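Report on the following structure.
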Number of protein chains: 2
Amino acid sequence: MNTRSSATGASPSDQDSDQGGGARTPSRAPRRRGRQSSALASERRVDLVRLAADLFAQKGFQATTVREIADEAGILSGSLYHHFDSKESIVDEVLSSYLDELLGDYRAALEQGGEPRELLGRLISAAYRSLKPHRAAITVLQNDWNYLRQFSRFGYLEEAEQEIQRIWMDVIRDGQAKGAFRPDIDPKLTYRMIRDTIWVAVRWYRPDGPLGTDDLAEHFMTVLFDGISFGERSFES
Amino acid sequence: MNTRSSATGASPSDQDSDQGGGARTPSRAPRRRGRQSSALASERRVDLVRLAADLFAQKGFQATTVREIADEAGILSGSLYHHFDSKESIVDEVLSSYLDELLGDYRAALEQGGEPRELLGRLISAAYRSLKPHRAAITVLQNDWNYLRQFSRFGYLEEAEQEIQRIWMDVIRDGQAKGAFRPDIDPKLTYRMIRDTIWVAVRWYRPDGPLGTDDLAEHFMTVLFDGISFGERSFES
DNA sequence: GTCTATAGGAAGATAGAC
DNA sequence: GTCTATCTTCCTATAGAC
């Protein structure tokens, strides 16, 4: 399901160098480790990534030290570097694998076709459903976006966001053209509103709480499609 | 307009100590500096806070070093400590002053009374309007919330959030009771949806772009109140 | 695959001269 | 109010033994 593996994707060079004593510059990502190509990406390695992702989500990428990650894994910090080039490589793996999967889900939703409202609903459901398995990645993506985007290594983040935006906006515009959605709403603002609402939910959503992600999706669609007002709509009778 | 000054508010103790080599523990905030009480809070100091806030927003609180703040101000890092106890004190001032003002605005909006829909609209407008003057504070609040909340010094953040939530939910519930809002929407989920949508806009909103915050507020209210669907509503005819 | 040991740097903060 | 100079701590990452 991965169109781009984290070990090969993203742009290589680091033009960000050291612009005036900024944050610790990420290592130059030498891109080695051509082994464990497909399936069994070293069990252990997967564990480490997952575990690190949780820490990143909890405390922020920068606030999480490699020592803490190692501690959590029951090894010493130096040993981590047997598995990863750098701390950035770890978060890279967390984020890129999430984005790959999400885009895959979106494309699958599109391919099913259907009415605009149905299609939009399917995108919304797919997005909400990803909250549970990818809590950590989504949280990091939000909290550390501003930091990570500084580095060319993470340029693919903005690329992915662009593509995601295109997908949603196409559906919204198509819905307007077909008369399913109001013509007086702005597609871009509407997309952003949808995106923001869904993703930020990761901050308060508790997977083991009473509400499932499908409940959230349903509630959101109720409001999104028909609004919260009671009685007649205040426009076009 | 400040009900709690950043120099006196918040809980003093730091029970977070050093739980196992976590992030650099914030200084214990000795709460000195009883001077410059009211108006002229030392021009310079205000400048420094504003300038630091922008850096925090841009790069994240932790990624911003005291050296960078000092650089931006044209002084050396050591000199900053003539004005502030610690880096945390600076961000504290940024956040608490914002929250004080926001709560003041909300209370003012409530006091005007009016129909539920009108009242909710006023809250929404107030929130959107704060995007422009408080971009930095809102950005930091979002990006570094998870990190800052670890420290008891910033316990007031959750207190403020609680109070804000109470205000919004009261209005929503009241609107449902009075038949202005649909009874089948969940007040809490709806509040969160509103909150998330408004605040996250800070990530993409450009104050000097074509859209004013009032435009955003209006578009949001359009969708929130009546939904994006065209034609008849899909429930209660 | 993990450990020992440590290099090398950058961070927050302080003391006292000016 | 700012600078000089520096302390202390903690960070990421490396090298090589086991």
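We use all heavy atoms of the structure for the numbers below, so side chains are in, but hydrogens, waters and symmetry mates are not. Keep in mind that what you see is a predicted model, and the values were worked out from it rather than measured. Just so it is clear: chains get the letters A, B, ... in the order the sequence lines come, proteins before strands, and each one is counted from 1.
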Does [N] have OP1 or OP2 sitting under 4.0 Å from an N or O in the side chain of [X]?
X       : N      : answer
A/His82 : C/dG1  : yes
B/Ser79 : D/dG1  : no
A/Arg44 : C/dT2  : yes
A/Tyr81 : D/dA13 : yes
A/His83 : C/dT2  : yes

Applying side-chain contact (heavy atoms from CB on, under 4.5 Å), name anything that partners A/Arg195, two or more places apart in sequence or on another chain.
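Checked A/Arg195 against side-chain contact (heavy atoms from CB on, under 4.5 Å); matches are A/Glu161, A/Tyr191, A/Arg192, A/Trp199, B/Trp204.
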
If you pin B/Ser77 and B/Leu48 to their nearest nucleotides in DNA chain D, which one's is more 5'?
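Checking each residue's closest nucleotide, the 5'-ward one belongs to B/Leu48.
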
Between [N] atom [atom2] and [X] atom [atom1], what is the distance in whole Å?
X       : N      : atom1 : atom2 : value
A/Asp47 : C/dT2  : CG    : C1'   : 16 Å
B/Leu80 : C/dA11 : CG    : C1'   : 14 Å
B/Gln62 : D/dC10 : CD    : P     : 15 Å
A/Phe84 : D/dT14 : CZ    : P     : 15 Å

Using the rule given for side chain to side chain donor-acceptor pair (under 3.5 Å), can you reason through A/Ser130 versus A/Tyr98, listing the C-alpha separation, both sets of side-chain angles and the distance that settles it, and then say yes or no?
CA-CA 9 Å; A/Ser130 78; A/Tyr98 166 61; 3.3 Å; yes

Return each pair, listed once, that meets ring-ring contact (aromatic ring centres under 6.0 Å, His included) where at least one residue sits in residues 45-79 of chain B; pairs must be two or more places apart or across chains.
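The answer is B/Phe56-B/Phe61.
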
Centre-to-centre under 6.0 Å for A/Trp145 and A/Phe154, is that the case here?
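Between A/Trp145 and A/Phe154, the centre distance exceeds or equals 6.0 Å.
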
Looking at the base of C/dG12, is there any donor atom on it, or on the side chain of B/Arg67, that sits under 3.5 Å from an acceptor on the other one?
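Result: at least one qualifying N/O pair found.
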
